[in-house]
Amino acid sequence: MKATGIVRRIDDLGRVVIPKEIRRTMRIREGDPLEIFTDKDGELIFKKYSPIGELTDFAAQLCDSLRRSSDGIAAICDRDTLIAVAGPGRRELLEKTISPALSEIMDKRGIYRRETGDSELPAAAADEHFCLAVAAPILSEGDVMGAVLFLAPRGAQGAGEVEYRLAQAAAAFLGKQMES
């Protein structure tokens, strides 16, 4: 654990303000759920909660199925991280922070499909090898929880109809799973 040197007091309603710098660094937005852990040494640990993170094993199996149904690299991300990847580049992409471009696509709540000639948008923040072919946001109870993705190596052609439909169906399915 890293000390920040920042001290905050608890107000009369039991609230603590998380400083803006820490929220920005940790990508914590207004309304994000936080999980609270306690340590036997008296430490409190706040961790960003990811409902999709609870489905990591299932997401990995779904990615494998999507990969077998298409030629693309299949991936599932939450609002911050690629949590499951199937296909080439798995090691480089798994658990990487998503790119600002992908975050913006999810915020728009529409399905993104790269056509031939469109600019290449990175999937991961620190990756130069793979770009988004399709991104279908996972919506649950009106909130964006993540996205189902098909990725392609840089320079590859745009996404096909199969990948588009698969991502759309998988995102709808995951959204329904999280509602129940």
Side-chain angles (χ1 to χ4, degrees), residues 26-29 31-33 48-180:
M26 302 304 294
R27 299 180 66 155
I28 298 171
R29 299 174 200 89
D32 282 352
K48 238 177 125 171
Y49 175 73
S50 169
I52 292 183
E54 302 281 320
L55 302 173
T56 302
D57 292 337
F58 180 72
Q61 293 172 359
L62 182 58
C63 280
D64 286 337
S65 296
L66 292 171
R67 167 78 177 144
R68 278 183 256 139
S69 301
S70 74
D71 294 333
I73 302 162
I76 296 174
C77 68
D78 62 13
R79 295 285 306 196
D80 298 306
T81 310
L82 291 162
I83 62 165
V85 180
R90 181 182 185 281
R91 287 190 183 113
E92 299 98 281
L93 294 167
L94 191 61
E95 297 182 4
K96 296 291 187 221
T97 301
I98 66 169
S99 69
L102 177 52
S103 185
E104 189 175 311
I105 288 168
M106 287 191 287
D107 288 340
K108 290 180 181 174
R109 299 170 180 257
I111 299 175
Y112 167 82
R113 180 178 179 180
R114 186 176 150 260
E115 302 291 340
T116 305
D118 287 352
S119 61
E120 296 177 328
L121 302 176
D127 180 67
E128 297 296 322
H129 300 102
F130 300 97
C131 62
L132 295 169
V134 176
I138 301 167
L139 302 174
S140 178
E141 297 177 356
D143 294 326
V144 178
M145 299 294 175
V148 175
L149 313 170
F150 278 98
L151 310 176
R154 290 229 177 249
Q157 61 184 4
E161 188 67 22
V162 171
E163 289 85 1
Y164 180 82
R165 298 275 181 212
L166 284 171
Q168 187 177 31
F173 177 76
L174 285 171
K176 287 288 184 192
Q177 287 296 313
M178 292 192 314
E179 286 176 5
S180 56

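Everything quoted here is computed from the prediction, not taken from an experiment.
- For the residue pair Val134 and Ala167, the shortest heavy atom distance occurs at CG1-CB, 3.6 Å.
- Looking only at side-chain heavy atoms (C-beta outward), His129 and Glu92 stay at 4.5 Å or farther from each other.
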Is there a side chain to side chain contact (heavy atoms under 4.5 Å, CB included) between Phe150 and Leu166 once you walk through the steps? CA-CA 9 Å; Phe150 278 98; Leu166 284 171; 4.0 Å; yes
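- Of all non-hydrogen atoms in Cys63 and Ala74, the two that sit nearest each other are O-CB, 3.6 Å.
- Taken to the nearest 0.5 Å, the CG atom of Leu93 stands 6.0 Å off from the CG atom of Leu82.
- Between Pro137 and Ala171, the closest heavy-atom pair is O-CB, 3.5 Å.
- Rounding to the nearest 0.5 Å gives a distance of 11.5 Å between CG of Leu102 and OG1 of Thr97.
- Once rounded to the nearest 0.5 Å, the distance linking CG of Leu94 with OG1 of Thr81 reads 9.5 Å.
- Residues Ile76 and Leu62 approach most closely at CD1-CD2, 3.8 Å, considering heavy atoms.
- A heavy-atom distance below 4.5 Å is found between the side chains of Leu151 and Leu132.
- The number of heavy-atom neighbours closer than 6.0 Å to CZ of Arg29, taken from other residues, nucleotides and ligands shown, is above 12.
- Annotation for Gly160 and Arg113: closest pair C-NH2, 3.5 Å, computed over non-hydrogen atoms.
- No more than 12 heavy atoms of other residues, nucleotides or ligands shown are found within 6.0 angstrom of CZ on Arg165.
- Annotation: side chain of Leu149 is in contact with side chain of Cys77 (closest heavy-atom distance under 4.5 Å).
- Taken to the nearest 0.5 Å, the CG atom of Asp143 stands 13.0 Å off from the CD1 atom of Ile138.
- Under a 3.5 Å cut-off, the side chain of Gln168 and the backbone N or O of Ala136 do not form any donor-acceptor pair.
- Between Arg109 and Leu139 the shortest side-chain heavy-atom distance falls below 4.5 Å.
- Side chains of Phe58 and Leu174 form a contact here, defined as non-hydrogen atoms less than 4.5 Å apart.
- Taking CZ from Arg90 and CG from Asp64, the interatomic distance works out to 8.0 Å, rounded to the nearest 0.5 Å.
- Contact record, Met106 with Asp78: CE-O, 3.9 Å, taken as the closest heavy-atom pair.
- The closest side-chain heavy-atom distance from Val144 to Arg79 is below 4.5 Å.
- The side-chain heavy atoms of Arg154 and Pro122, taken from C-beta on, include a pair separated by under 4.5 Å.
- Looking only at side-chain heavy atoms (C-beta outward), Arg67 and Pro88 come within less than 4.5 Å of each other.
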